[in-house]
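Below, all heavy atoms of this structure are taken into account, side chains as well, without hydrogens, waters or symmetry copies. Below, read A as the first sequence line, B as the second, and so on, with proteins coming before strands; counting in each chain starts at 1. Quantities reported herein were computed from a predicted structural model and do not represent experimental measurements.
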Amino acid sequence: MSIPQALNAPQREAVSHVEGPLLVLAGAGSGKTRVITAKIAHLVAQGVAPARIAAITFTNKAAREMRERAAKLLAAQGRAEAAASMAISTFHSLGLSIVRAEAKRLGLRPGFSILDPADLESLIAELVGTADRARARAAQWKISGWKNALVTPPRARFIAASDDELAAARAFAGYDEALAAWHAVDFDDLIVKPVSLFDRDPEALARWQARFDHALVDEYQDTNPAQYRMFRHLVGARTCFTAVGDDDQAIYGWRGATVDNLAQLPTDYPSLRVIKLEQNYRSSARILRCANALIANNAKLFDKRLWSELPHGDTIRVTVAADDESEAELVVHRLLAHRFEHRGRFRDYAILYRGNHQARVFEAALRAQNVPYAISGGDSYFDRAEIKDIVAYLRLLVNDADDPAFIRAITTPRRGVGQTTLKRLSALAGERRESLFAASLSPALREAAPPKAAEALAELGSLISDLKSRAKREPAGRLLNELVGRIGYEDWLVSTFDKRDAQAKSTSVADFVGWLSRKGDTERKTLPELTQMIALVTMLEGRDADDADVVRLSTLHAAKGLEFPHVFLVGVEEGILPHRESIERGAIDEERRLMYVGVTRAQRSLHLSFCRTRRRAGGRIDAMPSRFIGELAPQDLRYADAPLPPEEAARERAAGAERLKALKARVAR
DNA sequence: TAGAGATTAGTTTTT
DNA sequence: CTAATCTCTA
């Protein structure tokens, strides 16, 4: 009765199966979010408290959408009040809750810092003994990979297969020690720390297991070994869970995700029930046929056949452009023409691409035509320098052992403390085995430092201790405003940047402070909680942009889970999609799944485009159409006539004939 | 120490 | 061709 009639048979089955372990293999557009939200509502209707259902997603956006849709269903059941206590979160924010609750057992202070990779790059460089940023990042990447695979530092040294890997493995232990000394964790630790705690502490494990009656994981194919282990721990012997995933949409292998977790599930849970959702409600039959043809080139883990009752729909348009700038122009023109012809809205259109940098030319072309747009993904609001500056002060306020935060705070705004003083300070701190902040309070150092630097250190020290003493009693908003005022941030912005930049930065700081204050008031969060949350939240301007009538620009990764009436998939070239690095690593399958994700975002029309040449680093490079275009159903493709000069057009026809020949050869085989 | 100009390296996806 | 990093001078 609590199961909506609007669900199809397998969907209903997935919702009503509440007793044992369940795997839902949900093809693209088969209504998986619908199933998950209906299941939450169903469980609540069955008497399960909303707080006892752990629903786990990968992104904040997915969590937000799930929360909203589940809340609607609950409201329809007259249980609107239940929505507030739903335990819907990302893997990382769930991990954060656990680390926060168990901080003491994990040897962390309540105000522990969460450092992002940028904060840790210089530490890694130092540990590896390199000045080369690329090398440092490679080592950092490697260490992150080991953490996600639950590999310990000694084990990493054992399995390291190259000199670079060995250097990274040797840095690994020192890296964790530095984090511990700073009372800090990295992103990966938010998963790894709970896992290691549960591994060694049965009492803590039992406590967390007792908190949930049912667990749901979305995008299960994208879990990494650490996440799977955390999930298994939480599920425990009760084994009441719903894992929803699609091996054809596994696109996070580069981040340590492994479809082994999907393959492993029937073995780990012999009573596992598997339900397939194969009816697609999203795309035209033609788009679906292309998607199926494409993905048929991959080895299959589970046999799955997507079908649709929707009409055939428009042919897929392929556009060939002379270079990336004209590709952007052509796409924007076609988009506008299409919108005019179909009297559509801007928000019905999405431009999808492989890498963030590809967005630039499209932004320029859209602006030139006065087309409103929004970019999802890309550089986060919280990565902006001015926000990180303010956050550094917050981190230091909450955790004075956070050396990276101290360094950023003392040097921005500039106030007479430079390399020399910092070096002296860090020598003293190392000698005394204390934090930079603690060392900065030492009278001995004050005497040795130049008067200006000594004064700055004293000022920061008293600012921090003053605000800290008031943090418990006074609202976060007031403290923040005072902080920004007392460090003279506005003045510094005005004197350092030109008028426009200073204005923009000042506005974004004001927005940030306002947002954080509201958060502090409405959700009654403490300063440490607010500070920790910032590290995991990526989009401030989420909701507004979703509703706005704008063209969406997005990477393929960030577009997963979304759908649009009309999709332009751009830069479909060898070297981009599939990406060059992936070709070299032989990871074509994952690139193909990425293309598959792109194709299956489209509901009514799909447009592909590629360039013949592309500007790069000042020069030009030749480009070839992606092999994936040749893998689509050829009868469904139409090459649009690009306005090319006659000579180009002739070459284009020749290239088309070549492609046709290649296709025929393919079919013959 | 801080800021202005010179130089040089860059291109994958993200919590 | 950018954008960030580096080097030099005040």
Side-chain angles (χ1 to χ4, degrees), chain A residues 56-63 89-96 114-118 122 131-134 137 141 144 147-148 185-192 219 222-224 226-227 250-257 324-325 352-361 376-380 382-383 385 410-423 449-453 456 492 495-497 533-539 554-560 571 573 575-585 587 590-591 593-595 597-598 614-621:
Chain A
I56 310 172
T57 65
F58 277 83
T59 63
N60 297 303
K61 201 155 118 202
S89 66
T90 64
F91 263 107
H92 290 268
S93 57
L94 174 62
L96 172 59
I114 303 171
L115 305 190
D116 70 24
S122 59
D132 179 3
R133 269 185 80 192
R137 293 175 96 154
W141 192 250
S144 169
K147 284 198 177 193
N148 286 140
V185 298
D186 63 18
F187 283 168
D188 303 321
D189 284 337
L190 293 174
I191 312 296
V192 174
E219 307 284 9
D222 288 329
T223 52
N224 62 40
Q227 287 160 337
I251 54 174
Y252 284 95
W254 52 275
R255 220 171 76 188
D324 46 352
E325 271 171 19
L352 306 181
Y353 38 81
R354 176 66 227 261
N356 279 309
H357 65 278
Q358 290 172 262
R360 288 192 85 93
V361 271
S376 40
D379 38 318
S380 155
F382 295 96
D383 288 337
I410 195 69
T411 54
T412 349
R414 302 256 170 231
R415 33 163 109 74
V417 176
Q419 278 183 352
T420 320
T421 310
L422 272 182
K423 248 191 201 131
K452 217 175 154 191
W492 179 73
S495 66
T496 314
F497 300 95
M533 175 194 68
I534 294 164
L536 294 185
V537 178
T538 45
M539 288 169 306
S554 171
T555 63
L556 287 164
H557 283 88
K560 191 163 70 153
E573 286 152 41
I576 294 182
L577 183 65
H579 195 273
R580 209 179 99 242
E581 303 265 332
S582 300
I583 298 173
E584 281 162 16
R585 282 197 337 240
E590 182 153 315
E591 297 292 307
R593 290 192 291 267
L594 206 44
M595 172 93 178
V597 165
R614 197 168 267 280
R615 304 172 79 106
R616 207 171 99 177
R620 275 178 186 285
I621 54 154

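Between A:Tyr353 atom OH and B:dT11 atom P there is a gap of 16 Å when expressed in whole angstrom units. Atom CD1 of A:Ile583 and atom C1' of B:dT11 are 14 Å apart (whole Å). If you measure from atom CD1 of A:Ile251 to atom P of B:dT14, you get 9 Å, rounded to the nearest angstrom. Spacing between atom CG of A:Asp132 and atom P of B:dA9 amounts to 10 Å, rounded to whole angstrom units. Summarising the geometry, the separation between CD on A:Glu219 and P on B:dT15 is reported as 13 Å, rounded to the nearest angstrom. For the pair A:Arg137 CZ and B:dT14 P, the computed distance is 13 Å after rounding to whole Å. Regarding A:Arg580, its CZ atom lies at a distance of 14 Å from the P atom of B:dT13, rounded to whole Å. Per the geometry, CD1 belonging to A:Ile621 stands 16 Å off P belonging to B:dG10, to the nearest Å.
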Taking only nitrogen or oxygen atoms into account, show me every contact under 3.5 Å that the protein makes with nucleotides 2-4 of chain B, one pair per line with its distance.
| unit_1 | atom_1 | unit_2 | atom_2 | d |
| --- | --- | --- | --- | --- |
| B:dA2 | OP1 | A:Arg415 | N | 3.4 |
| B:dA2 | OP1 | A:Gly416 | N | 2.6 |

Pick out the pairs of N or O atoms, protein on one side and nucleotides 3-10 of chain C on the other, that lie under 3.5 Å.
| unit_1 | atom_1 | unit_2 | atom_2 | d |
| --- | --- | --- | --- | --- |
| C:dA3 | OP1 | A:Arg360 | NH2 | 3.0 |
| C:dT5 | OP1 | A:Arg133 | NH1 | 3.1 |

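The shortest distance between the side-chain N/O atoms of A:Thr59 and the OP1/OP2 oxygens of B:dT14 is not below 4.0 Å. Contact annotation: A:Asn60 does not reach the phosphate of B:dT15 (side-chain N/O to OP1 or OP2, under 4.0 Å). For B:dT1, the OP1/OP2 oxygens have a side-chain nitrogen or oxygen of A:Thr420 closer than 4.0 Å. A sub-4.0 Å separation between OP1 or OP2 of B:dT15 and a side-chain N or O of A:Asn224 is absent.
Backbone-only contact: A:Thr421 has heavy atoms under 4.0 Å from sugar-phosphate atoms and none from a base. Using a 4.0 Å heavy-atom cutoff across all strands shown, A:Phe187 reaches at least one base atom of the nucleic acid.
With contacts defined as side-chain heavy-atom distances shorter than 4.5 Å, the pair A:Ile576/A:Arg614 qualifies. By the 4.5 Å heavy-atom criterion applied to side chains, A:Thr412 and A:Trp492 are counted as neighbours. No side-chain heavy atom of A:Thr421 sits less than 4.5 Å from a side-chain heavy atom of A:Ile410. The shortest side-chain heavy-atom distance between A:Gln227 and A:Ile56 does not fall under the 4.5 Å cut-off. A 4.5 Å side-chain heavy-atom check between A:Val597 and A:Leu352 finds every atom pair outside the cut-off. Between A:Ile114 and A:Leu96, the closest side-chain pair of non-hydrogen atoms falls below 4.5 Å.
Listed candidates were B:dT14, B:dT11, B:dG10. Nearest to the side chain of A:His357 is B:dT11.
DNA chain B is contacted by both A:Ala453 and A:His92; A:Ala453 maps to the nucleotide lying nearer its 5′ end (nearest heavy atom per residue).
Under the stacking definition used here (centres under 5.5 Å, planes under 30°), the residue A:Tyr252 fails to qualify as stacked on the base of B:dT13.
In this structure, A:His92 has no ring pair (Phe, Tyr, Trp, His ring centres under 6.0 Å) partners at least two apart in sequence or on a different chain.
The two residues A:Lys147 and A:Asp186 make their nearest non-hydrogen contact at NZ-OD2, 2.9 Å. Annotation for A:Gly256 and A:Asn224: closest pair O-CB, 3.2 Å, computed over non-hydrogen atoms.
Atom P of C:dC6 sits at a distance of 15 Å from the matching atom of B:dT11, rounded to the whole Å. Atom C1' of C:dT2 sits at a distance of 22 Å from the matching atom of B:dT13, rounded to the whole Å.
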Run the ring pair (Phe, Tyr, Trp, His ring centres under 6.0 Å) check on A:His557 and A:Trp254 step by step: do they pass?
-> CA-CA 12 Å; A:His557 283 88; A:Trp254 52 275; 5.6 Å; yes
